[in-house]
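Quick notes on the structure that follows.
Each chain gets a letter, A, B and so on, in the order its sequence line appears, and its residues count up from 1.
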There are 2 protein chains.
Amino acid sequence: MQTRVVIAEDHLFVSQGLVSALSSIEGLTVLQTVANGIEAISAIRKHRPDVAILDYNMPGANGLEVFLEARRWAPETRFLVLTGSMQAEMLAQMVEAGVHGVMLKDGSEAEIINAVRQVRAGRTMIGASAQRMLDSASGTTDLTDRELAVLQAIARGHSNISAAALLGISPKTVDTHRTSVMRKLGAHSTASLLLTAVRAGLLDPDSLR
Amino acid sequence: MQTRVVIAEDHLFVSQGLVSALSSIEGLTVLQTVANGIEAISAIRKHRPDVAILDYNMPGANGLEVFLEARRWAPETRFLVLTGSMQAEMLAQMVEAGVHGVMLKDGSEAEIINAVRQVRAGRTMIGASAQRMLDSASGTTDLTDRELAVLQAIARGHSNISAAALLGISPKTVDTHRTSVMRKLGAHSTASLLLTAVRAGLLDPDSLR
DNA sequence: CGCGGCATCGGGTGAACACCTGATATTGAA
DNA sequence: TTCAATATCAGGTGTTCACCCGATGCCGCG
């Protein structure tokens, strides 16, 4: 089976390791490797790969943001997100958002290769550690996809206007989602919105840069 | 030159990649790989390696803790700490503590190999990205008492006007401190101010309500 | 004494925000 | 079919922010 892959990973050493590991999969072609979230969206739009392997923590846009945006342009692409560490809330969000594969980077090379194979074959897979985290997590977020996308954009310092340009919607729509998020989190200023979201595990300061 | 190495890295995939990469260094022997900080201390005590390669984020004890404890038993061992992401404050702490090498995981395989060589050769090395973080962090935590007070008030959701009432000063003064804090942290919106401050360890989301 | 750092405060501006009102279209479930 | 949830978008308002310019007074250090 042909497998065309895009890899998005800002740690060059890990990216090189992934390319090397994936070379053992027959019929697999790595179309492009990129090092930040914005480039990942572009590459996925351009190549419409079979599988996109995304690191969660990347500059410009994190793995979930890339997934939410890129799938609108490449609906057939299946996504595997790898992460070194992540809060359970974010893990739950990604599963709920429909990411096809999620695993922590504590997996071996063989486990990662297996994950790529499963995702390519149309199955949804969650790595063992990720599953354990999910099992022990109680909370579920009630932000919609778009609300979350707007929250992430705000957290990256975007004004409503530039968030609108980034997401391809009207500033009034950003305004609407922003207001909705604030109402849901009980925040009345941007500052308290941000800290409440961090506390709720909706934002990871280290993955937003 | 003989190089005996212990590797401590909880991400199995990365650990395997390191072993593979280091195999290209002539005369280098990987004595043991461990996956958490406590085991790292034990292995270093047992083997007294020439070089210990430590991941910063590990269960049990982080890279700095391992360094501080293990060097008491293996004073000849030289330490290279690798990290995926880290706050500048912690980076500064490790440099100050005397870790022989620090680099972010955005380096390529070649850069990591070079780092191991330099550390083994007795030199202290700081990776390019780590150095940039240290350079840009040198002034970021230099907030005055009043600036910090204003930052805290903002984080609690106060507008400039209500922060002024809280601190017994004019809103213009709040404005001045606020602008100064933003300049020092390089932020251009309230959102990025908050997250930058959290990342810099200036704000603790859990203690602000 | 001179100077820099800090705290304080004022004038001002245009952009941005927080929230009010309203609307249409799509989707999935009952 | 109906309805609720979601996404999208518009009109609007007063407040707030981010930054521009300027200033004085106090303190500690060289």
Rounded to the nearest angstrom, tell me the gap between atom [atom1] in [X] and atom [atom2] in [N].
X: B:L167; N: C:dA7; atom1: CG; atom2: P; value: 12 Å
X: B:R183; N: C:dC6; atom1: CZ; atom2: C1'; value: 12 Å
X: A:E147; N: D:dA5; atom1: CD; atom2: C1'; value: 10 Å
X: A:L143; N: D:dT6; atom1: CG; atom2: P; value: 10 Å
X: A:I154; N: C:dA16; atom1: CD1; atom2: P; value: 14 Å
X: A:I161; N: D:dA18; atom1: CD1; atom2: C1'; value: 14 Å
X: A:H158; N: C:dA16; atom1: NE2; atom2: P; value: 13 Å
X: A:L148; N: D:dT6; atom1: CG; atom2: P; value: 13 Å

Under 3.5 Å, is there any donor-acceptor pair linking the side chain of [X] to the base of [N]?
X: A:D175; N: C:dC19; answer: yes
X: B:K172; N: C:dG12; answer: yes
X: A:T190; N: C:dC17; answer: no

Which nucleotide in C:dT8, D:dT8, D:dC19 has an atom nearest any side-chain atom of B:I169 =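 Ranking C:dT8, D:dT8, D:dC19 by closest atom to the B:I169 side chain puts C:dT8 first.
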
Would you indicate which nucleotide in C:dC17, D:dT16, C:dC19 comes nearest to any side-chain atom of B:S159?
->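 Ranking C:dC17, D:dT16, C:dC19 by closest atom to the B:S159 side chain puts D:dT16 first.
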
Under 4.0 angstrom between [X] side-chain N/O and [N] OP1 or OP2:
X: B:N160; N: D:dC17; answer: yes
X: B:T173; N: C:dA7; answer: no
X: A:T144; N: D:dA7; answer: yes
X: A:H188; N: C:dA18; answer: no
X: B:S170; N: C:dG10; answer: yes

Distance only, no hydrogens: is a donor on one side chain within 3.5 Å (strictly under) of an acceptor on the other, for B:S192 and B:S189?
->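 Looking only at side-chain atoms, B:S189 and B:S192 do form a donor-acceptor pair, the distance falling under 3.5 Å.
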
Taking NZ, NE, NH1 and NH2 as the nitrogens, is one of them in A:R71 or A:D145 under 4.0 Å from a carboxylate oxygen of the other?
->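 Answer for the salt bridge query: yes.
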
Short N-O contact, A:K105 and B:E9, less than 4.0 angstrom |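 A salt bridge is absent here (no side-chain N lies under 4.0 Å from a carboxylate O).
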
Ignoring hydrogens and geometry, is there a side-chain-to-backbone donor-acceptor pair from B:E111 to B:S108 under 3.5 Å?
->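 Confirmed, B:E111 side chain pairs with B:S108 backbone.
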
Close side-chain approach of B:R78 to B:T124, heavy-atom, < 4.5 Å |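 Heavy-atom side-chain distance check passes, below 4.5 Å.
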
Select base, sugar-phosphate, or nothing to describe what B:S189 touches, counting heavy atoms under 4.0 Å on all strands.
->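 Result for B:S189 = sugar-phosphate.
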
Find which nucleotide of DNA chain C each of B:R146 and A:A187 is nearest to by heavy atoms, and output the residue with the more 5' nucleotide.
->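 With B:R146 and A:A187 compared, the 5'-side residue is B:R146.
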
